[in-house]
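Here the structure is laid out as structure tokens; the discussion comes afterwards.
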Amino acid sequence: MNFQPNSDTIAWNMHFRSSPTKVFDALTTDEGRAKYWAESTEENDGHVTFHIYNYPSFTGKILTKESPHLFELEYFGTRVRFELRSDGHKGTILRLYAKVNDHALRDEMTAGWVSVLMAMKAAVDFDVDLRNHDPDMAWAQGFADN
């Protein structure tokens with residue numbers, strides 16, 4: 001089964017029971033990202049610095065930030081776009097597109113985005129942090145973790 005048919009794009013959908021505003025805040029604030037994505041982030045002057053265990057800190061440029069529907073940024077050599085829309089009830093449909101220029105990283109990033117999105121759903125919808133918070137049990141050591 002070829003669930004990611006485009007060789008230069010990663011695409012995932014995620015449903016949240018939370019509102020688009022709550023999901024958007026989780027993507028676009030330091031407090032929100034610290035609950036599931038990175039140990040910490042700092043947003044300054046249109047850039048976000050990510051601190052993730054066992055990886056050098058990375059600063060990416062925010063390309064688009066239109067509350068509560070669109071957030072796009074540069075992230076580890078990719079261009080990542082998050083589109084949010086109401087599910088027609090009280091929840092949100094998030095669509096992630098990541099443009100991958102380094103095909104050697106594509107498999108890791110395809111799996112990595114699933115990990116980030118599942119951790120995000122747990123944090124946003126259920127206030128649960130699924131991460132290990134231990135550099136000896138991080139992604140780089142073969143653990144499913146963010």
Side-chain angles (χ1 to χ4, degrees), residues 1-126 128-132 138-146:
M1 177 177 168
N2 190 357
F3 61 91
Q4 293 288 324
N6 297 322
S7 64
D8 64 347
T9 305
I10 297 167
W12 290 115
N13 295 307
M14 179 62 69
H15 178 259
F16 293 84
R17 69 179 191 179
S18 301
S19 71
T21 299
K22 186 173 180 183
V23 176
F24 187 82
D25 288 348
L27 286 168
T28 62
T29 66
D30 292 332
E31 297 80 17
R33 290 183 290 254
K35 292 179 181 179
Y36 69 94
W37 192 342
E39 286 302 309
S40 65
T41 65
E42 292 98 32
E43 184 174 332
N44 292 304
D45 298 322
H47 293 79
V48 180
T49 301
F50 291 84
H51 303 284
I52 299 170
Y53 280 138
N54 300 327
Y55 284 90
S57 294
F58 172 79
T59 301
K61 181 179 181 182
I62 296 171
L63 304 170
T64 309
K65 189 175 182 179
E66 298 173 5
S67 180
H69 302 290
L70 182 60
F71 182 59
E72 188 172 16
L73 76 158
E74 296 171 348
Y75 184 73
F76 286 100
T78 62
R79 184 179 184 121
V80 183
R81 181 179 179 95
F82 299 91
E83 298 174 356
L84 289 78
R85 64 180 170 81
S86 171
D87 68 357
H89 303 284
K90 295 181 182 180
T92 302
I93 303 293
L94 179 149
R95 179 82 170 152
L96 174 146
Y97 297 96
K99 190 78 169 163
V100 182
N101 296 325
D102 183 347
H103 294 281
L105 294 176
R106 187 173 189 279
D107 288 343
E108 180 179 358
M109 293 191 89
T110 300
W113 281 117
V114 171
S115 180
V116 170
L117 291 173
M118 294 303 290
M120 182 181 181
K121 181 176 180 69
V124 173
D125 283 352
F126 304 102
V128 173
D129 187 345
L130 298 176
R131 296 170 298 165
N132 293 324
W139 187 264
Q141 284 64 46
F143 286 84
D145 195 36
N146 288 335

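Atoms considered below: every heavy atom in the structure, side chains included; atoms not considered: hydrogens, waters and symmetry mates.
For the side chain to side chain donor-acceptor pair (under 3.5 Å) test, no residue two or more places apart in sequence or in another chain qualifies with Thr78. For the side chain to side chain donor-acceptor pair (under 3.5 Å) test, residues two or more places apart in sequence or in another chain that qualify with Arg95 are Asn13, Tyr97. In this structure, Asn101 has no side chain to side chain donor-acceptor pair (under 3.5 Å) partners at least two apart in sequence or on a different chain. Not counting sequence neighbours, the partners of Arg81 by the salt bridge (Lys or Arg N to Asp or Glu O under 4.0 Å) test are Glu72, Glu83. Scanning for side chain to side chain donor-acceptor pair (under 3.5 Å) contacts around Ser57 gives His51, with sequence neighbours left out. With sequence neighbours left out, the salt bridge (Lys or Arg N to Asp or Glu O under 4.0 Å) criterion links Asp8 to Lys99.
Remark: Lys35 NZ to Leu130 CG distance equals 14.0 Å, nearest 0.5 Å. Between the CG atom of Asp30 and the OG1 atom of Thr49 there is a distance of 9.0 Å, given to the nearest 0.5 Å. One finds the CZ atom of Phe24 at 7.5 Å from the CG atom of Leu70 (value rounded to the nearest 0.5 Å). Taken to the nearest 0.5 Å, the CG atom of Asp87 stands 12.0 Å off from the CG atom of Leu94. Distance check, rounded to the nearest 0.5 Å: NZ of Lys22 to NZ of Lys90 gives 13.0 Å.
Atom CZ of Arg106 has more than 12 neighbouring heavy atoms from other residues, nucleotides or ligands inside a 6.0 Å radius.
Every pair passing salt bridge (Lys or Arg N to Asp or Glu O under 4.0 Å) that includes a residue from residues 40-61 is listed here, sequence neighbours excluded: Arg33-Glu43, Glu43-Lys65. Sequence neighbours left out, the pairs with a member in residues 110-122 that pass salt bridge (Lys or Arg N to Asp or Glu O under 4.0 Å) are Lys121-Asp125. Contacts classified as ring-ring contact (aromatic ring centres under 6.0 Å, His included) and involving residues 57-79 (residues at least two apart or in different chains) are given here: Trp37-Tyr75, Phe50-Tyr75, Phe58-Phe76, Tyr75-Trp113. Judged as a salt bridge (Lys or Arg N to Asp or Glu O under 4.0 Å), not a single pair has a partner in residues 46-60 (not counting sequence neighbours).
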Would you mind writing out the side-chain donor-acceptor pairs for residues 138-145 within the sub-3.5 Å range, not counting sequence neighbours?
| residue | atom | partner | partner atom | Å |
| --- | --- | --- | --- | --- |
| Trp139 | NE1 | Glu108 | OE2 | 2.7 |
| Gln141 | OE1 | Asn54 | ND2 | 2.7 |
| Asp145 | OD1 | Asn132 | N | 2.8 |

Apply side-chain contact (heavy atoms from CB on, under 4.5 Å) to the pair Leu27 and Leu84, showing each step before the final yes or no. CA-CA 11 Å; Leu27 286 168; Leu84 289 78; 3.9 Å; yes
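Nearest approach of Gly91 to Pro20, heavy atoms of both residues: O-CD, 4.0 Å. For the pair Ala123 and Tyr36, the tightest heavy-atom approach, listed with the atom from each and the gap, is CB-CB, 3.9 Å. Of all heavy-atom pairs spanning Arg17 and His15, the tightest one is N-CE1, 4.1 Å.
Looking at Met14 and Val23, their side chains never come closer than 4.5 Å, going by heavy atoms from C-beta outward. Within the 4.5 Å cutoff, no side-chain heavy atoms of Val124 are placed close to those of Thr92. With a 4.5 Å cut-off on side-chain heavy atoms, Leu73 and Phe82 count as touching.
Side chain of Arg131 to main chain of Ala38: a donor-acceptor pair is present (N/O by atom type, distance under 3.5 Å, no hydrogens or angles).
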